[in-house]
Each structure stands twice: as structure tokens, then as C-alpha cells.
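Worksheet for the structure shown next.
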Amino acid sequence: MVTGEALIAYRALLRATRKSFAGDREMLKASAFEIRKKFEENRHVVSDSDIPRLLEEAREAAQFISTMIVQAKLNERGGYGTFYAVLTH
């Protein structure tokens, strides 16, 4: 069922952004907006070739966000010396 797969991909993207942007309200809000926007843009896609491609793109995006995003954390001196990220590779 395509709807179920799309929902799984959507939730995976949101989970990935919550991990990668933990504590950064602005990025969480912006990323959730962009994810929602992309899924809404493709809501009415029915092509048997487009749907699997879009689902794969969503899965790849969630994987990328989870493994490749590194966000700097502002320290008390006003610099960015400490980093945190979710890197699995």
C-alpha cells in the first residue's frame, strides 16, 4: 500500500531531523515545513514509475540527514568548538 509506505517515509524524515537538529527549534520547524511541502507537492502522483522513485528519494534523504548532518553548538565563549551529530558511518 503506497499510502502506508509514504507515511513511513514521512515519519522517518521527521525522526531524522529531530535527532540531527535536537535543540535547534528554528531548524526543526524549517525542516518539518520543507518535508511537509515536498510530500504535499507529490500527494497526487499516481505514476507507477514515479512513486517508487519518490519513496526511495525520501528514504535516502532520511538516511543522509541521520548520517551526514553535523551541527555546530555555540559555546559560552561565543565560538563553535563543540560539535554534536548523529553519525553512524
statement: Residue pairs meeting ring-ring contact (aromatic ring centres under 6.0 Å, His included), one or both in residues 36-56, sequence neighbours left out, come to Y10-F39
task: Indicate, with yes or no, if V2 and V45 share a hydrophobic cluster defined by side-chain heavy-atom contacts under 4.5 Å among Ile, Leu, Val, Met, Phe, Trp and Tyr.
output: yes
query: By side-chain contact (heavy atoms from CB on, under 4.5 Å), which residues pair with E56, not counting sequence neighbours?
result: R59, E60
query: So how far is it from L54 CG to K38 NZ, rounded to the nearest 0.5 Å?
result: 9.0 Å
message: Please enumerate all residues that pass side-chain contact (heavy atoms from CB on, under 4.5 Å) together with S47, with sequence neighbours excluded.
response: S49, D50
Distance-only check: which donor-acceptor pairs under 3.5 Å involve side-chain atoms of residues 27-35, not counting sequence neighbours?
| unit_1 | atom_1 | unit_2 | atom_2 | d |
| --- | --- | --- | --- | --- |
| S31 | OG | M27 | O | 2.8 |
| S31 | OG | L28 | O | 3.1 |

message: Checking R36 now: which residues fulfil side chain to side chain donor-acceptor pair (under 3.5 Å) with it, not counting sequence neighbours?
response: E40
field: For E26, all residues meeting side-chain contact (heavy atoms from CB on, under 4.5 Å), sequence neighbours excluded
entry: D24
query: Is there a path of hydrophobic side-chain contacts, each under 4.5 Å between heavy atoms of I, L, V, M, F, W or Y residues, that connects I65 with M68?
result: yes
- request: Please list, chain by chain and in numerical order, all residues satisfying ring pair (Phe, Tyr, Trp, His ring centres under 6.0 Å) with F64, sequence neighbours excluded.
  value: none
message: Checking R25 now: which residues fulfil salt bridge (Lys or Arg N to Asp or Glu O under 4.0 Å) with it, not counting sequence neighbours?
response: none
message: Going by the rule side-chain contact (heavy atoms from CB on, under 4.5 Å), which residues pair with A61 if we only count those two or more places apart in sequence or in a different chain?
response: L13
query: Where is the tightest heavy-atom contact between A58 and A9, given as atom of each residue plus distance?
result: CB-CB, 3.8 Å
- request: Check salt bridge (Lys or Arg N to Asp or Glu O under 4.0 Å) between R18 and all other residues, then give those that pass, not counting sequence neighbours.
  value: none
